[in-house]
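Reviewing the structure listed below.
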Amino acid sequence: MAFSHSELLFQRAQARIPGGVNSPVRAFGSVGGTPRMIVKANGAYLVDADGNQYLDYVGSWGPMLLGHNHAAIKEAVIHAVENGLSFGAATELEVTMAELLCSLVPSLDMVRMVNSGTEAVMSAIRLARGYTQKEKIIKFEGCYHGHCDSMLVKAGSGVMTAGVPDSAGVPKGCAEDTLTAVYQDLASVERLFAENEGKIAAVILEPVAANMGVVVPEASFLQKLRELCTKHQTVLIFDEVITGFRLSVGGAQAWFGVTPDLTCFGKIIGAGMPVGAYGGRRDIMEQIAPLGPVYQAGTLSGNPVAMAAGIAQLKILRDNPKIYEKINQLGGQLRAGLRAQIEQYQAPATVNGIGSLSCLFFAGEPVTDYQTAKTADTKRYAQFFHHMLDQEIYLAPSQFEAIFLSNAHTPTEIDYTLCCVKNFLEQQWK
Ligand code: KE4
């Protein structure tokens with residue numbers, strides 16, 4: 001496979017963009033090799049600058065649930081563009097989006113549009129602090145919530161409960177108010193509540209973790225978190241940037257039957273345009289400016305073109321429930337096939353997943369949290385990634401991401417993918 005155009009373009013990119021990319025994971029840092037410069041996409045396929053076509057399992061990291069370049073979404077965007085790109089004023093499209101989100105996710109009394117998942121999380125945290133007048137936030141090791149300072153925090157040393165920065169540039173003072181618990185370990189949360197009685201503004205988590213690879217929690221874990229937050233008058237925030245409108249039209253909260261106080265969205269609600277949102281209980285959301293004292297703003301929040309794209313995708317998902325049956329079934333087919341091959345070759349690998357979200361870990365033990373996810377063999381994953389790329393299958397260039405299916409994928413593509421995986425396992429463990 002020739003990819004000289006990608007190589008040349010990436011060299012140019014590195015001269016003017018840090019790492020040659022506008023988001024680190026795209027640089028292929030953990031798998032090596034030259035990032036493919038993508039020029040277009042259709043359905044389940046990407047095309048790179050050298051004309052190579054790839055079966056895409058990244059889907060722009062989640063937004064492309066209906067597949068790339070969907071006709072109805074493209075038509076909605078073109079229609080919106082004809083009316084102008086942005087007005088900095090209220091528009092009907094924002095009302096339609098807000099009403100649509102609140103009709104599809106019962107926990108949303110009100111919602112505010114922003115431009116990314118990061119912005120949604122950052123705003124929801126500020127809102128939870130403003131509403132509760134408390135300052136500490138509990139997050140979970142291995143959960144990623146975008147790059148706002150208070151979320152780029154890792155667990156302090158064993159004795160410390162306060163967080164320490166997980167990135168240069170994050171002030172210690174900021175990190176100290178973020179406490180880190182262990183995913184699925186309720187006792188670790190209870191300990192933090194006990195050590196910080198009356199100080200916890202919010203608990204935030206991915207209701208299905210998809211940034212340490214995929215880890216599906218026991219349903220009871222989410223329910224017990226709900227009860228704990230209610231007991232301590234702490235805001236429970238579900239970060240559904242990935243799971244929102246992916247697991248079901250009501251997201252993970254509908255799938256597990258657990259109701260958060262606030263929810264963060266991104267990705268699918270923009271259908272590939274830059275969109276995020278946060279929303280939830282009216283008594284909390286009414287604290288947001290201009291109604292209340294918690295400030296949040298954005299020049300392009302609710303941008304009409306982005307709203308048109310998101311509304312088009314969400315209406316299709318609302319009106320065609322069989323889409324979820326199909327993509328969740330495809331996910332099941334993929335996971336069953338992977339598990340059968342792991343069994344056949346006794347490969348030190350394990351498969352996690354739910355609905356259209358999956359992850360193949362090269363780990364010899366079950367992956368249930370960040371510590372077990374970290375046992376995965378990232379070198380083996382890098383070999384696997386390039387084996388699949390050579391077979392024109394584009395996976396996430398990191399072990400700790402997800403395999404995203406779309407409504408454009410078919411059983412035939414899953415079969416082809418499984419055949420390519422089998423070749424790899426045979427090479428490694430025949
Ligand atoms: P954005 O700011 O990237 O729109 O959203 C941040 C975010 C928040 N919450 C969750 C659960 C997320 O997964 C994300 C972003 N996801 C990553 C992929 N794992 C985006 C890919 C990237 O960083 O380039």
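Every number for a ligand or one of its atoms is a count from 1 in the order of the listing.
Taking atom 11 (C) of ligand 1 as the reference point, the nearest protein heavy-atom neighbour is Tyr144 O, 3.3 Å. Of the protein's non-hydrogen atoms, Gly146 CA, 3.5 Å is the one closest to atom 6 (C) of ligand 1.
Under the 4.5 Å side-chain criterion, counting only non-hydrogen atoms from C-beta, Leu389 is in contact with Arg36. Looking only at side-chain heavy atoms (C-beta outward), Ile323 and Val249 stay at 4.5 Å or farther from each other. Taking 4.5 Å as the limit, every side-chain heavy atom of Asn211 sits out of range of all side-chain heavy atoms of Cys143. Looking only at side-chain heavy atoms (C-beta outward), Asp177 and Arg129 come within less than 4.5 Å of each other. Between Lys74 and Val77 the shortest side-chain heavy-atom distance does not fall below 4.5 Å.
Checked for salt-bridge contact, Asp261 and Arg226 meet the test: a charged N lies under 4.0 Å from a carboxylate O.
Listed by number with element, the atoms of ligand 1 under 4.0 angstrom from any heavy atom of Glu401 are 18 (C), 19 (N). For ligand 1, the atoms closer than 4.0 angstrom to any heavy atom of Ser116 are 2 (O), 4 (O). Of all atoms in ligand 1, listed by their number and element, those nearer than 4.0 Å to a heavy atom of Ile242 are 13 (O). Those atoms of ligand 1 that come under 4.0 Å of a heavy atom in Ser23, given as number and element, are 22 (C), 23 (O), 24 (O). Atoms of ligand 1 lying under 4.0 Å from at least one heavy atom of Glu206, given by number and element, are 11 (C).
For atom 3 (O) of ligand 1, the nearest protein heavy atom lies 4.0 Å or farther away.
Ring-centre distance between Phe221 and Tyr183: below the 6.0 Å cut-off.
Taking any N or O of Lys267, backbone or side chain, at least one lies under 3.5 Å from an N or O belonging to ligand 1. Geometrically, ligand 1 and Asp239 share a nitrogen or oxygen pair separated by less than 3.5 Å. For the pair Trp61 and ligand 1, the shortest N or O to N or O distance does not fall below 3.5 Å. Of the polar atoms of Gly117, at least one N or O is found under 3.5 Å from an N or O of ligand 1, judged by distance alone.
Residue nearest to atom 19 (N) of ligand 1, selected from Thr118, Ile204, Val21, Asn211: Asn211 (by heavy-atom distance).
Residue-level proximity to ligand 1 for His145 is carried by the backbone, the only part with a heavy atom below 4.0 angstrom.
For Arg281 and Tyr131, the side-chain atoms include at least one donor-acceptor pair closer than 3.5 Å. Side-chain polar atoms of Thr96 and Glu99 form no donor-acceptor pair below 3.5 angstrom.
Every heavy atom of Glu240 sits 4.0 Å or more from the atoms of ligand 1.
None of Lys154, His145, Glu206 except one satisfies the side chain to side chain contact (heavy atoms under 4.5 Å, CB included) rule with Lys139; the exception is His145.
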